[in-house]
Amino acid sequence: MYLTREEERMLSGELGELYSKALRVLVKLGEALGAEKLVKVSWAHVSGISYTTIGDAGLELMEEFSNVRTLTKSTCNPAGIDVDKWMILGVREDYYMKQMRILRSLTKMGVETTLTCTPYLLYTPKTGEHIAWGESSAVLFANSVYSARSNREGGPSSLFSAITGRTPYYGLHIDDNRTPTAKVVVDCRVDDPSDIGVLGYLIGEVLGSGVPLIENLPLVSVDALKLFCAGMGCSSSIGLTLIKGVTPEARRMADVESYDEKIVVTNEDIKEVYERLSDCILDNEEFSIFLGCPHLSMSEAWNLINRALSYKPLHKVYLAVEPETYKSLKERNLVEKLLERNVVLLNGTCLVVSPLKDMNTTSLVTDSAKAAHYIRSLHKIPVTLAKRSDCIKLAFKGG
Amino acid sequence: MSIFLRGRGLVEGLALGEAIVVDKPISFLGDVDPRTGEIVGLNGRFRGTKVTGKILVFPHSKGSTVGSYIIYELSRRKLAPLAMVVRKAEPIIIVGCVLAGIPLIDNVTPDPLANIRSGDNVRVDAYRGIVEVLVDE
């Protein structure tokens with residue numbers, strides 16, 4: 001692999017052993033994946049932050065690398081705890097301590113502890129910008145909505161990109177790999193944001209990989225695209241989807257008729273996914289409701305909070321938001337008011353990566369295809385996928 | 001008398017030891033206990049078997065990228081395999097082996113799973129991408 005003078009120096013240890021190790025990982029990765037060189041990145045988003053996810057092994061590695069500073073702007077994914085309310089949510093003290101050690105390591109490194117899967121709502125990715133992001137839903141969003149350039153990094157590679165400021169130049173960093181491999185015709189009506197998430201999940205499942213070109217995506221608001229990307233990210237290895245009318249680089253693409261694959265998606269297909277991702281717990285058991293995978297935007301949060309304050313809550317509701325949004329709502333005393341109504345505003349965390357058993361959460365209803373998929377497989381509890389409007393009806397009497 | 005297999009040396013190093021052949025993809029997160037080096041997953045077929053100090057032969061890795069951290073922790077606890085020989089190396093294994101300093105060879109032909117058996121004495125030269133199965137006369 002070709003390395004610049006600066007990179008050679010880093011690799012040989014001139015900046016210290018840790019930078020050398022971090023760069024060596026990326027160089028070896030790049031060589032294995034056929035990258036001819038590295039490329040500098042302007043932004044790294046580090047995934048694998050929750051103690052539930054990375055455990056003692058990851059914690060040790062974080063603490064070891066906390067002795068270096070990141071060489072590029074860096075943000076990070078949600079933690080395993082709500083740093084504000086962990087104690088009342090049932091999280092154990094030893095878990096809390098370990099999670100805080102991870103966060104302190106990140107801060108020491110210079111990673112901004114944004115604790116969100118929606119970093120693109122905090123800062124705006126630029127078209128053509130080379131970035132190195134973990135978190136599949138965010139990668140899809142940055143690539144597909146902004147035409148930024150990132151591969152789907154893992155926890156370790158996103159961390160080492162933050163530290164070295166570089167990533168292997170392969171995959172979606174290269175023009176040729178950003179051309180469509182399949183055409184998707186969306187032939188359905190969707191009237192709820194969760195339908196869009198299911199649509200993403202479905203397309204991902206059918207195609208598995210490649211770069212879909214999508215026409216007629218029925219909802220293209222930021223909130224809908226957020227869910228779409230999350231659904232697609234968890235059912236496939238797709239990192240870029242070209243959405244007509246949304247993706248900047250899709251404008252340049254002529255209407256080519258020959259694709260490897262063409263699929264048509266209908267309302268029947270969508271309905272089938274709802275059924276498949278649901279464990280049908282609604283009749284008998286105690287359940288909680290979880291909204292905010294990906295994190296709710298401020299406007300989504302307000303909408304839900306207003307309902308929570310107007311109607312009597314029937315079940316415990318978790319609403320996940322990122323820390324700046326949380327701070328703003330807390331300043332209005334809403335966190336307390338909502339807790340009184342059994343609504344938990346989650347700060348900078350996510351139930352997917354939380355210690356659910358400690359939190360006494362034994363079954364869930366959610367409007368997120370991604371949450372339904374992961375919570376069932378990782379936490380082995382029953383989950384039901386329902387439209388957001390239905391979740392609201394379930395949660396609030398008269399809602 | 002030896003059988004020679006050739007592959008791509010991804011993480012350099014030399015190793016000589018007893019092979020453990022696992023014929024299924026390994027998810028290091030979940031299948032291997034980083035505190036003991038034991039294989040605890042894979043439906044119990046290898047229960048009690050440790051990867052420690054062995055030449056670990058398997059098709060490829062799967063599962064979470066946290067698997068890289070598990071490999072790293074194994075090496076920190078001095079419980080890591082001596083080397084890994086795989087059909088196809090994916091990021092989880094590459095990152096883990098680089099961090100842990102474990103020699104790694106992939107794209108091995110002929111198929112390592114067909115030509116190496118658990119208990120075989122194996123020499124790995126990941127500088128030159130050579131896997132030598134030493135057969136007693």
Side-chain angles (χ1 to χ4, degrees), chain A residues 1 11 17-18 20-35 46-65 77 102 132 134-136 151-161 163 167-168 170-171 234 237 352-353 374 377-378 380, chain B residues 7-13 27-37 40-41 51 60-80 84-108 126-127 129:
Chain A
M1 177 185 280
L11 194 63
E17 198 229 313
L18 291 170
S20 169
K21 212 178 200 179
L23 194 69
R24 186 153 178 262
V25 168
L26 296 175
V27 167
K28 286 295 168 186
L29 254 179
E31 280 173 354
L33 298 162
V46 185
S47 62
I49 304 302
S50 160
Y51 178 67
T52 293
T53 309
I54 68 177
D56 290 327
L59 166 58
E60 259 191 63
L61 188 125
M62 287 277 181
E63 289 192 320
E64 185 188 346
F65 279 92
N77 244 14
I102 293 170
E135 177 51 50
S136 59
N151 288 318
R152 284 178 56 155
E153 302 298 337
S157 66
S158 59
L159 177 67
F160 296 136
S161 284
I163 289 170
T167 192
Y170 82 100
C234 78
S237 63
V352 173
V353 297
Y374 278 120
S377 66
L378 293 175
K380 317 264 193 268
Chain B
R8 177 172 68 155
L10 281 175
V11 180
E12 302 92 10
S27 166
F28 278 85
L29 175 66
D31 288 341
V32 180
D33 186 341
R35 292 161 304 168
T36 62
V40 296
V51 301
H60 56 86
S61 60
K62 64 171 193 177
S64 162
T65 54
V66 172
S68 306
Y69 294 142
I70 301 293
I71 296 171
Y72 185 56
E73 187 173 1
L74 280 169
S75 81
R76 293 273 290 222
R77 290 171 185 268
K78 312 231 187 297
L79 294 172
M84 295 199 199
V85 175
V86 297
R87 280 187 189 140
K88 175 99 173 80
E90 283 148 312
I92 296 167
I93 297 289
I94 299 169
V95 173
C97 286
V98 172
L99 284 175
I102 298 172
L104 169 66
I105 297 184
D106 85 334
N107 285 353
V108 181
Y127 291 101

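Just so we're clear, the structure is a prediction, and the values are computed from it rather than from any experiment. Lettering follows sequence order; numbering is per chain, from 1.
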Q) Can you tell me how far CD of A/E60 sits from CZ of B/R76, rounded to the nearest 0.5 angstrom? A) 4.5 Å
Q.
Please output the residues of residues 95-103 of chain B in contact with chain A, using a heavy-atom cutoff of under 4.5 Å, in numerical order.
A. B/V95, B/V98, B/L99
(Q) I'd like to know if the side chain of B/R8 and the backbone of A/A32 have a donor-acceptor N/O pair within less than 3.5 Å. (A) yes
Q: State which residues pass ring-ring contact (aromatic ring centres under 6.0 Å, His included) with A/Y170; sequence neighbours excluded, sorted by chain then number.
A: none
Q. Roughly how far, to the nearest 0.5 Å, is the CG atom of A/L29 from the CD1 atom of B/I93?
A. 11.5 Å
Q) What's the spacing between A/K28 NZ and B/L10 CG if we round to 0.5 Å? A) 7.0 Å
Q) Quick one: CG on A/L59 to CD on B/E73, what's the gap to the nearest 0.5 Å? A) 9.5 Å
Q. Just checking heavy atoms, which of residues 62-69 of chain B are less than 4.5 Å from chain A?
A. B/T65, B/V66, B/S68, B/Y69
Q. What residue, out of A/G154, A/A22, A/P156, has the most heavy-atom pairs lying under 4.5 Å from chain B?
A. A/P156
Q. If you check every heavy atom in residues 47-55 of chain A against those of chain B, which residues fall under 4.5 Å?
A. A/T53, A/I54
Q.
For B/P34, which atoms come within 4.5 Å of any heavy atom of chain A: side chain, backbone, both, or neither?
A. neither
Q: Evaluate the side-chain contact (heavy atoms from CB on, under 4.5 Å) criterion for residues A/R24 and B/V11: first the C-alpha distance (whole Å), next the side-chain angles of each, then the deciding distance (0.1 Å), finally the verdict.
A: CA-CA 10 Å; A/R24 186 153 178 262; B/V11 180; 4.2 Å; yes
